[in-house]
Enquirer: 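Before I ask anything, let me first share the structure, which is written out below as structure tokens.
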Amino acid sequence: MSGLFLHAAELPSLLPSHHIRRLRPWWSSSYAPILRLSSTSAFSRHRPMVAGKAASDSLKLGIAELYDESSGLWESIWGDHMHHGFYEAGEQASIADHRAAQIRMVEESLRFAGVPDDPQRKPERIVDVGCGIGGSSRYLAKKYGARVQGITLSPVQAERAQDLAAAEELADKVSFQVADALEQPFPDGQFDLVWSMESGEHMPDKEKFVSELARVAARGATIIIVTWCHRDLSPSENLKPDEVNLLNKICKAYYLPKWCSAADYVGIAKSLSLEDVRTADWSENVAPFWPAVIRSALTLRSFISLLQSGWKTIRGALVMPLMIEGYKKGLIKFTIITCRKP
Ligand code: SAH
């Protein structure tokens, strides 16, 4: 998930700055001066264009910094799952049930994909692509007794995820590293569950993204992508200018490249000969989430933190209502895509 309202300035209290600097990824040094460009404006209907290397490096740096800066504060308020909750349609959720709703999102995703629970067939090797601070990784490791490897662009997240794993005595089961989902540091055919929970919206090349998920999947593996899409378009249709405008504002604040539709994902999965490709639109099931995030930002503590945290954070907060607007207009679709590697 990308919409963190909490950024920058609080972090010194949570994460010492030497710690962040020490963990800077390799791509940050050479591009730092030209960075902070937050992508987007291209909304391609079919094949998103591959971003140039400099643009892609700057996007990666922006994402890494966003999560380096914001994850500690998110964790302190929302816990270790950095994704939407799954609510019964029409349910009015309070902040108190958000953690249960986030776990429900994980469980509903596994159920939709038909991931088996029984000891003979349950997943044993899992990759968590865009793992945040490892909420899903640890949950899946415990649920299945599986080995899980998580990757994130944020060094701060990777380290925090590892610390949390150690605290839960899972260090022998789960591991985390800084790596790019588009060039995963794994050999082919490694995993029998490939999991991407709300990281796909950050990927500048959706074909490369899905093809990497498929590459690291073992034969018969399940691939689960839960992500933000724009609405499906008919063959002659483009997004309307006001829709493009709205998405552009969200992209700027949350370091997202161009969006695609669920149908685009299906097309990509089929072009890679993946099987049992299925999708669902869960937009109604996540509707209470953003209002809950906004309410949580309005508690005294969060609000003071927000005001202290600078323009980027405030901009992120200002954009949150646009997510709600996007869902209400039927423009943003919270989508699950699942498939199987033959
Ligand atoms: N899946 C996690 C975190 C979601 S936040 C959860 O549900 O809690 C989005 C995550 O995607 C962040 O960890 C971010 O670092 C990661 N991400 C975005 N682009 C990435 C890329 N190209 N490679 C690896 N991780 C990426």
Side-chain angles (χ1 to χ4, degrees), residues 1-6 23 25-28 38-39 50-51 53 55-75 77-86 98-99 101-110 126-140 148-162 164-165 174 176-186 194-213 216 224-228 251 254-257 286 289 293 316 334 336:
M1 105 95 127
S2 329
L4 300 177
F5 60 93
L6 304 161
L23 291 164
W26 62 265
W27 59 78
S28 65
S38 50
S39 76
V50 178
K53 178 150 178 13
S56 131
D57 281 348
S58 55
L59 176 63
K60 283 195 281 193
L61 178 59
I63 294 167
E65 290 183 345
L66 171 64
Y67 289 108
D68 277 357
E69 291 170 358
S70 61
S71 296
L73 206 45
W74 178 274
E75 182 189 351
I77 296 170
W78 277 78
D80 61 346
H81 288 263
M82 304 177 73
H83 57 81
H84 285 66
F86 186 102
H98 70 82
R99 283 179 201 231
Q102 287 175 313
I103 296 300
R104 213 176 307 135
M105 174 63 71
V106 175
E107 285 293 344
E108 287 292 325
S109 302
L110 296 168
I126 301 174
V127 62
D128 185 354
V129 177
C131 61
I133 56 171
S136 294
S137 303
R138 288 184 301 277
Y139 185 84
L140 296 170
V148 185
Q149 296 195 58
I151 57 172
T152 169
L153 291 179
S154 155
V156 170
Q157 284 189 330
E159 185 155 310
R160 179 65 183 149
Q162 201 68 56
L164 288 170
V174 297
F176 300 93
Q177 60 185 298
V178 174
D180 186 356
L182 303 186
E183 287 175 45
Q184 294 185 31
F186 308 118
V194 176
W195 176 267
S196 164
M197 175 60 72
E198 293 193 49
S199 62
E201 55 269 26
H202 284 297
M203 306 298 165
D205 182 344
K206 309 297 188 210
E207 285 169 327
K208 178 74 175 146
F209 171 50
V210 181
S211 75
E212 273 295 271
L213 300 182
V216 299
I224 300 179
I225 302 168
V226 178
T227 190
W228 308 0
C251 288
Y254 297 151
Y255 292 89
L256 306 180
V286 301
F289 179 75
V293 176
F334 189 89
I336 179 165

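Note: hydrogens, waters and symmetry copies are ignored here, and every other heavy atom, side chains too, is used. Counting starts at 1 for both ligands and their atoms, following the listed order.
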Enquirer: Using a 4.0 Å heavy-atom cut-off, which part of Asp180 comes near ligand 1: side chain, backbone, both, or neither?
Expert: both
Enquirer: Give yes if a backbone or side-chain nitrogen or oxygen of Thr152 is under 3.5 Å from a nitrogen or oxygen of ligand 1, and no if not.
Expert: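 Between Thr152 and ligand 1 (N or O atoms, distance only) the closest approach is under 3.5 Å.
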Enquirer: So His84 and Trp228, would you call those rings parallel, tilted or perpendicular, with 30° and 60° as cut-offs?
Expert: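 Perpendicular: the ring planes of His84 and Trp228 meet at over 60°.
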Enquirer: Please find the pair of heavy atoms, one from Ser109 and one from Met197, that lie closest to each other, and give the distance.
Expert: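 Taking Ser109 first and Met197 second, the nearest heavy atoms are OG-CE, 3.8 Å.
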Enquirer: What distance do Asp80 atom CG and Cys131 atom SG have between them, rounded to the nearest 0.5 Å?
Expert: 11.5 Å
Enquirer: Check ligand 1 against Gln157 and write out every atom of the ligand that is under 4.0 Å from a heavy-atom position of the residue.
Expert: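 This gives 12 (C), 13 (O), 15 (O) as the contact atoms.
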Enquirer: Give the atom numbers and elements of ligand 1 that come within less than 4.0 Å of a heavy atom of Ala179.
Expert: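 Taking each heavy atom of Ala179 in turn, ligand 1 has 23 (N), 24 (C) under 4.0 Å.
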Enquirer: Within the 4.0 Å heavy-atom shell around His83, which atoms of ligand 1 are there?
Expert: 6 (C), 7 (O), 8 (O)
Enquirer: Report yes if Ile63 has an N/O atom closer than 3.5 Å to an N/O atom of ligand 1; otherwise report no.
Expert: no
Enquirer: As an exercise, identify every atom of ligand 1 less than 4.0 angstrom from a heavy atom of Glu198.
Expert: 4 (C), 5 (S), 9 (C)
Enquirer: Not counting sequence neighbours, which residues clear side-chain hydrogen bond (donor to acceptor under 3.5 Å, both in side chains) with Gln184? List them please.
Expert: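 Result, side-chain hydrogen bond (donor to acceptor under 3.5 Å, both in side chains) vs Gln184: none returned.
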Enquirer: Between Phe186 and Ile151, does a side-chain contact (heavy atoms from CB on, under 4.5 Å) hold up when you go through it step by step?
Expert: CA-CA 11 Å; Phe186 308 118; Ile151 57 172; 3.8 Å; yes
Enquirer: Would you call the rings of His83 and His81 parallel, tilted or perpendicular, where under 30° means parallel and over 60° means perpendicular?
Expert: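 Answer is perpendicular, since the angle exceeds 60°.
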Enquirer: Would you name the heavy atoms of Leu164 and Ile133 that are closest together and state the gap between them?
Expert: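 Heavy-atom minimum between the residues: CD1-O, 3.9 Å.
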Enquirer: Taking only heavy atoms of Ala181, which atoms of ligand 1 are found under 4.0 Å from at least one of them?
Expert: 21 (C), 22 (N), 23 (N), 24 (C)
Enquirer: What do you reckon, does Leu182 put a non-hydrogen atom under 4.0 Å from ligand 1?
Expert: no
Enquirer: List the residues meeting side-chain hydrogen bond (donor to acceptor under 3.5 Å, both in side chains) with Glu75, not counting sequence neighbours, and say none if there are none.
Expert: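 Per chain and number, Glu75 pairs via side-chain hydrogen bond (donor to acceptor under 3.5 Å, both in side chains) with Arg160.
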Enquirer: What heavy-atom pair brings Gly134 and Phe176 nearest, and what distance separates the two atoms?
Expert: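 Gly134 and Phe176 have their closest heavy atoms at CA-CE2, 3.7 Å.
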Enquirer: For ligand 1, note which part of Cys131 has a heavy atom under 4.0 Å away: side chain, backbone, both or neither.
Expert: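 Cys131 to ligand 1: backbone contact only, side chain stays beyond 4.0 Å.
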Enquirer: Taking 4.0 angstrom as the limit and counting only heavy atoms of Met197, give me the atoms of ligand 1 inside it, by number and element.
Expert: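 The atoms of ligand 1 under 4.0 Å from a heavy atom of Met197 are 1 (N), 2 (C), 4 (C), 7 (O).
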Enquirer: With atom 1 (N) of ligand 1 as the reference point, say which of Gly132, Gly130, Gly150 has the nearest heavy atom.
Expert: Gly130
Enquirer: Does Leu153 reach ligand 1 with a nitrogen or oxygen that is under 3.5 Å from one of the ligand's nitrogen or oxygen atoms?
Expert: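 Yes, at least one N or O pair falls under 3.5 Å.
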